[in-house]
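What follows is a single structure, written as structure tokens, with notes after it.
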Amino acid sequence: MPARRILQLGDPVLRRVSERIPDPAGARLVLRDLRATLHEFQRTHGFGRGISAIQIGEAARLIYIEFDGAPYELFNPVFERVSDEKFRLWDDCFSFPNLMVLVERSRSVRVRYQDAHGEPLVVDAEGAFSELLQHEMDHLDGILAVDRAVSRDAFSTRDEWLRRQGRSRA
């Protein structure tokens with residue numbers, strides 16, 4: 001399975017709004033590439049939980065996530081519910097892996113999507129999983145974490161962020 005190049009901050013394709021997938025079964029190759037690209041990123045960077053199709057140049061409403069040991073293949077995801085309760089966290093992104101951004105996200109969400117066979121599914125998420133879904137869903141609409149920064153001081157390089165956390169890069 002080939003890993004694909006991940007588009008980087010500044011590439012105008014990242015700002016495109018992704019198109020609905022009429023036949024999820026027809027997008028299996030893109031899903032395969034997303035999985036391979038996520039695994040390659042994890043291998044080379046030591047982190048990563050999810051990726052959207054637009055990050056590999058495919059303007060399709062498709063997200064692949066691995067969270068708490070479970071894979072999620074989300075075709076045509078839409079928010080069904082977004083909580084009013086918010087929390088702040090330092091976010092990172094495959095498209096700018098050395099930049100951390102302080103953002104505010106909803107504490108919980110419900111996302112309706114289709115599986116690879118077109119069957120409707122729903123996932124309820126809280127905390128870290130909720131944040132991850134919101135981050136990837138933003139990508140489908142051309143929104144990046146840098147757009148969600150809570151202030152002009154909400155940016156840090158990864159190395160500085162790790163230093164402040166009392167950790168260092170492995």
Side-chain angles (χ1 to χ4, degrees), residues 1-79 89-101 103 105 109 111-123 125 128-149 155-159 161-162 169-170:
M1 290 183 254
R4 304 256 299 261
R5 184 179 81 81
I6 297 171
L7 303 183
Q8 296 297 294
L9 182 63
D11 190 315
V13 174
L14 288 171
R15 297 304 191 163
R16 289 187 54 196
V17 174
S18 296
E19 300 289 327
R20 189 174 193 293
I21 301 168
D23 175 22
R28 294 292 301 174
L29 293 178
V30 175
L31 179 64
R32 180 202 66 190
D33 289 353
L34 285 174
R35 186 181 304 110
T37 303
L38 173 67
H39 291 162
E40 178 64 13
F41 188 91
Q42 290 170 332
R43 187 184 71 73
T44 58
H45 289 79
F47 68 94
R49 305 169 299 168
I51 187 168
S52 64
I54 195 68
Q55 289 179 278
I56 61 170
E58 301 285 343
R61 296 191 82 77
L62 174 58
I63 295 169
Y64 179 72
I65 290 174
E66 292 180 358
F67 188 83
D68 281 348
Y72 295 85
E73 302 171 351
L74 293 86
F75 293 83
N76 301 316
V78 294
F79 287 115
L89 73 148
W90 286 94
D91 198 2
D92 57 12
C93 182
F94 291 5
S95 293
F96 38 92
N98 295 315
L99 180 65
M100 304 295 292
V101 183
V103 300
R105 298 284 189 188
V109 297
V111 175
R112 184 172 27 89
Y113 65 98
Q114 294 173 290
D115 68 12
H117 306 289
E119 295 299 316
L121 295 170
V122 172
V123 64
F129 191 30
S130 171
E131 174 275 320
L132 178 58
L133 284 166
Q134 291 170 75
H135 176 104
E136 299 305 336
M137 295 276 287
D138 272 355
H139 273 298
L140 300 182
D141 293 322
I143 300 168
L144 303 175
V146 293
D147 302 325
R148 300 245 185 238
F155 301 92
S156 178
T157 64
R158 179 173 297 281
D159 287 341
W161 182 81
L162 287 169
R169 231 183 252 246

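Below, each value reflects all heavy atoms present in this structure, side chains not excepted, and no hydrogens, waters or symmetry copies.
Counting only distance, with no hydrogens or angles, the side chain of Asp11 and the backbone of Val13 share a donor-acceptor pair below 3.5 Å. At least one donor-acceptor pair under 3.5 Å links the side chain of Arg4 to the backbone N or O of Ile56. Not a single donor-acceptor pair under 3.5 Å links the side chain of Ser156 to the backbone N or O of Met100. A side-chain donor-acceptor contact under 3.5 Å links Arg158 to the backbone of Pro97. One N or O on the side chain of Gln134 and one on the backbone of Ser130 form a donor-acceptor pair closer than 3.5 Å. Side-chain atoms of Gln55 never come within 3.5 Å of backbone atoms of Ile6 as a donor-acceptor pair (strictly under, hydrogens ignored).
Among residues two or more places apart in sequence or in another chain, the side chain to side chain donor-acceptor pair (under 3.5 Å) test is passed with Glu66 by His39, Tyr64. Among residues two or more places apart in sequence or in another chain, the side chain to side chain donor-acceptor pair (under 3.5 Å) test is passed with Asp147 by Arg15. Here Leu29 pairs with Arg32 under the side chain to side chain contact (heavy atoms under 4.5 Å, CB included) rule; sequence neighbours left out. Under the side chain to side chain donor-acceptor pair (under 3.5 Å) criterion, Arg5 pairs with no residue, sequence neighbours left out.
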Could you pull out all donor-acceptor pairs under 3.5 Å where a side-chain atom in residues 18-28 meets a protein atom, sequence neighbours excluded?
unit_1, atom_1, unit_2, atom_2, d
Asp23, OD1, Ala25, N, 3.3
Arg28, NH1, Glu73, OE1, 3.4

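Side-chain contact check for Ile63 versus Leu133: every heavy-atom pair is 4.5 Å or farther apart. By the 4.5 Å heavy-atom criterion applied to side chains, His139 and Cys93 are counted as neighbours. Side-chain contact between Val109 and Phe129 is absent, with no heavy atoms from C-beta onward closer than 4.5 Å. Side-chain atoms of Phe41 and Ile51, non-hydrogen and from C-beta on, never get closer than 4.5 Å to each other.
With Glu58 as the partner, the side chain to side chain contact (heavy atoms under 4.5 Å, CB included) test is satisfied by one option alone out of Leu31, Val30, Leu34: Val30.
Put simply, CD on Gln8 and CZ on Phe96 are 9.5 Å apart, with the number rounded to the nearest 0.5 Å. Atoms CZ and CD1, on Arg61 and Ile54 in that order, are 10.0 Å from each other to the nearest 0.5 Å. For the atom pair CH2 of Trp161 and CG of Asp92, the computed distance is 7.5 Å after rounding to the nearest 0.5 Å.
Taking every heavy atom of both residues into account, Ala149 and Val101 meet most closely at CB-CG1, 3.7 Å. Minimum interatomic distance between Ala36 and Ala3 (heavy atoms only, all atoms of both residues): O-CB, 3.9 Å. Of all the heavy atoms in Ser52 and Leu140, the pair that sits closest is CB-CD2, 4.1 Å. Considering every non-hydrogen atom in both Phe67 and Arg49, the closest pair reads CE1-NH1, 3.7 Å. Listed here is the closest heavy atom pair of Leu9 and Val146: CD1-CG2, 4.3 Å.
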CA sep, side-chain torsions, deciding dist, call: Leu14, Ser95, side chain to side chain contact (heavy atoms under 4.5 Å, CB included): CA-CA 9 Å; Leu14 288 171; Ser95 293; 3.8 Å; yes
Criterion side chain to side chain contact (heavy atoms under 4.5 Å, CB included) on Leu62 and Leu74, from CA distance to verdict: CA-CA 6 Å; Leu62 174 58; Leu74 293 86; 5.9 Å; no
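Remark: Arg148 does not engage Asp91 in a salt bridge, criterion side-chain N to carboxylate O under 4.0 Å.
Among residues at least two apart or in separate chains, side-chain hydrogen bond (donor to acceptor under 3.5 Å, both in side chains) pairs with a member in residues 111-122 are Asn76-Gln114, Glu80-Arg112.
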